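Read through the structure below, which is laid out as structure tokens, and then see the notes.
What you are looking at is a predicted structure, and each value in this text was computed from that prediction instead of being measured. These numbers come from the heavy atoms of this one structure, side chains and all, not from hydrogens, waters or symmetry mates.
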Amino acid sequence: MFDLINEILQTLRHNKLRTALTGFAVAWGIFMLIVLLGMGNGVTNAFKEQAMDPGSQKINVWGGRTSKPYHGYREGRRITLKGADMESIADEHSGFVNSVTSTMWGNSGAISAGTKSISESYCGVYPQQLQTASIDLVAGRLINDRDMAAKAKVVILPQTYAKQLFPPDGNALGKRVGISGLSWKVVGIYDAPWNRNIYIPFTTAKMIHGNTDDLSDMSIMLKNLETEKDGEEAEKSIRATLAGRHDFNPEDESAVWTWNQFSQGLKGLHAINILNASIWILGLLTLLSGIVGISNIMFVSVKERTHEIGIRRAIGAKPRSILTQVIAESVAITTLFGYIGIVTGILTTQLLNYLFQDAEIIKNASVSLNIAVEVTIVLIIAGAMAGLFPALKALKVKPVEALRDE
């Protein structure tokens with residue numbers, strides 16, 4: 001074993017420049033593979049965080065207009081969702097429906113506190129909507145079932161508006177603000193990027209709107225679904241229920257508009273998987289150029305050492321020992337420069353992860369230990385394959401002809 005290691009080291013020292021140039025191609029291929037895999041992981045993590053979040057496993061429904069005649073009705077009839085639709089969907093599809101909620105928006109108006117005011121509309125929501133929303137509660141609490149039952153005049157403010165209404169620190173918790181001519185108690189303050197909604201209980205918003213039963217939308221949270229087909233069947237069943245209640249053709253997609261976030265998320269996940277596979281293919285093709293270079297250098301090495309191989313064969317060296325030496329040299333070169341590529345690639349992904357830490361499209365762009373192990377296995381196999389054909393050529397050298405070679 002030690003003799004084999006010494007021979008490999010002597011070969012590397014004897015051909016420093018050629019070995020370095022060839023090894024650079026291997027290191028570059030591994031470096032690109034690691035960086036591409038890291039960026040692919042970052043995109044995948046960001047997508048899963050947004051699209052596959054429990055709060056995104058839902059179907060949104062809006063009323064529309066019919067585009068087909070049905071049961072004596074002409075096309076163009078307006079379909080308005082009702083509060084009773086929520087109860088029917090929840091009761092008839094309890095197997096895959098977790099909850100049904102809706103949102104009621106108020107008219108844009110002044111929200112005041114003393115001499116301070118802002119122009120913004122309120123948003124009537126259910127407690128379940130806030131529990132799955134991407135908001136960070138800074139102080140207080142969220143809207144709860146007791147608020148809904150009592151039609152309480154409580155409000156949750158974004159931190160930005162809290163500071164505007166109660167400068168300079170935004171200490172609005174427990175204080176009063178004026179909305180639509182009524183006095184409201186601030187029970188919660190939250191912080192969220194790109195979200196400045198002012199939340200009140202849905203039942204309170206409904207009361208302000210004259211207890212209307214009309215809904216602008218429905219949000220149906222799903223459960224017990226696994227495949228894209230499950231999501232599509234759930235959407236079809238919900239549409240059939242609404243068609244029966246509002247007497248329109250179930251195949252009329254314009255009667256009610258739906259957005260199946262569950263199925264769309266799974267479709268996106270399939271696309272991400274294809275992207276990751278493409279990254280592996282692209283990285284391996286980049287690595288292939290380095291492997292070809294290793295194979296070429298081993299062919300040259302075998303050619304240069306024809307006389308040496310002949311002497312070893314003449315004094316009784318077994319073909320297996322020569323095969324082992326050539327393949328071991330190839331694996332050594334590939335592994336040495338490959339690990340240089342792995343280390344620099346991992347350091348680069350860590351740098352990219354730091355630079356994109358606040359980005360929404362990339363999350364945790366790093367390479368796991370499993371990936372490093374997989375790349376190591378690829379290195380060993382690639383090195384062995386690169387040295388296999390030169391080694392087989394070395395075995396074909398006859399001792400007598402090799403001894404004549406100069």
Side-chain angles (χ1 to χ4, degrees), residues 53-61 81-91 93-94 96-107 109 111-113 118 120-163 165-166 170-223 261:
D53 183 84
S56 299
Q57 297 185 21
K58 61 184 177 181
I59 297 176
N60 296 103
V61 184
L81 300 177
K82 301 291 184 178
D85 295 334
M86 299 172 60
E87 299 177 3
S88 295
I89 291 174
D91 293 338
H93 306 291
S94 58
F96 63 82
V97 172
N98 187 37
S99 65
V100 184
T101 59
S102 182
T103 303
M104 185 169 289
W105 295 90
N107 297 325
I111 298 176
S112 60
I118 57 175
E120 186 60 84
S121 61
Y122 59 81
C123 176
V125 295
Y126 282 74
Q128 298 94 317
Q129 291 171 278
L130 295 182
Q131 292 169 4
T132 57
S134 298
I135 61 175
D136 295 324
L137 195 63
V138 176
R141 62 174 178 83
L142 300 176
I143 293 171
N144 55 36
D145 293 332
R146 183 177 298 178
D147 297 328
M148 293 284 289
K151 300 179 181 179
K153 291 187 285 294
V154 296
V155 62
I156 298 176
L157 296 176
Q159 192 173 38
T160 301
Y161 289 161
K163 290 181 179 180
L165 294 173
F166 299 92
N171 185 18
L173 193 64
K175 297 181 180 178
R176 293 279 175 173
V177 295
I179 304 176
S180 298
L182 300 174
S183 177
W184 302 72
K185 181 179 180 181
V186 179
V187 296
I189 301 173
Y190 75 91
D191 185 28
W194 314 109
N195 185 355
R196 294 186 178 181
N197 292 331
I198 296 175
Y199 295 110
I200 67 173
F202 180 87
T203 51
T204 312
K206 183 177 179 179
M207 179 181 64
I208 295 175
H209 284 254
N211 289 316
T212 177
D213 197 41
D214 294 345
L215 303 177
S216 61
D217 67 90
M218 287 193 300
S219 180
I220 304 167
M221 299 300 299
L222 305 173
K223 64 179 181 180
Q261 295 191 47

side-chain contact (heavy atoms from CB on, under 4.5 Å) assessment of Y190 paired with L130: CA-CA 11 Å; Y190 75 91; L130 295 182; over 6 Å; no

If you count every heavy atom of other residues, nucleotides or ligands that lies below 6.0 Å from [X] atom [atom1], does the total exceed 12?
| X | atom1 | value |
| --- | --- | --- |
| K223 | NZ | yes |
| K163 | NZ | no |
| R141 | CZ | yes |
| K175 | NZ | yes |

Steps toward side-chain contact (heavy atoms from CB on, under 4.5 Å) verdict (N171, F166): CA-CA 6 Å; N171 185 18; F166 299 92; 5.7 Å; no

Spell out, as yes or no, whether a donor-acceptor pair under 3.5 Å connects the side chain of [X] to the backbone of [Y].
| X | Y | answer |
| --- | --- | --- |
| S99 | M221 | no |
| S180 | L182 | no |
| S102 | M218 | no |
| N197 | Y199 | no |
| S216 | T103 | yes |

Which residues share a ring pair (Phe, Tyr, Trp, His ring centres under 6.0 Å) with Y122, sequence neighbours left out: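 None.
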
Y126: partners by ring pair (Phe, Tyr, Trp, His ring centres under 6.0 Å), with sequence neighbours left out: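 For Y126 the ring pair (Phe, Tyr, Trp, His ring centres under 6.0 Å) partners, ignoring immediate neighbours, are F202.
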
Residues forming a side chain to side chain contact (heavy atoms under 4.5 Å, CB included) with N211, sequence neighbours excluded: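 For N211, the residues satisfying side chain to side chain contact (heavy atoms under 4.5 Å, CB included) (neighbours in sequence not counted) are K151, K206, M207.
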
Where is the tightest heavy-atom contact between [X] and [Y], given as atom of each residue plus distance?
| X | Y | answer |
| --- | --- | --- |
| P201 | A152 | CG-O, 3.5 Å |
| G140 | L137 | O-CD2, 3.2 Å |
| V177 | V155 | CG2-CG1, 3.9 Å |
| T212 | D214 | OG1-N, 3.1 Å |
| I200 | A205 | CD1-CB, 3.8 Å |
| S121 | W105 | OG-CE3, 4.2 Å |

Between [atom1] of [X] and [atom2] of [Y], what distance do you get to the nearest 0.5 Å?
| X | Y | atom1 | atom2 | answer |
| --- | --- | --- | --- | --- |
| H93 | L222 | NE2 | CG | 11.5 Å |
| I220 | I89 | CD1 | CD1 | 4.0 Å |
| D136 | I189 | CG | CD1 | 13.5 Å |
| I198 | I118 | CD1 | CD1 | 4.5 Å |
| R176 | K185 | CZ | NZ | 6.5 Å |
| Q261 | N60 | CD | CG | 5.0 Å |

Heavy-atom side-chain proximity of P127 to L142 below 4.5 angstrom: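 P127 does not reach L142 side chain to side chain.
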
Validation row: L215, D85 side chains within 4.5 angstrom (heavy atoms):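 Side-chain contact under 4.5 Å: no.
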
CA sep, side-chain torsions, deciding dist, call: I111, Y161, side-chain contact (heavy atoms from CB on, under 4.5 Å): CA-CA 10 Å; I111 298 176; Y161 289 161; over 6 Å; no

L173, V186, V187 screened by side-chain contact (heavy atoms from CB on, under 4.5 Å) with L157, the one that passes: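 Going through the options one by one, the only one that passes is V186.
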
Test log, rule side-chain contact (heavy atoms from CB on, under 4.5 Å), inputs M104 and H209: CA-CA 9 Å; M104 185 169 289; H209 284 254; 3.8 Å; yes

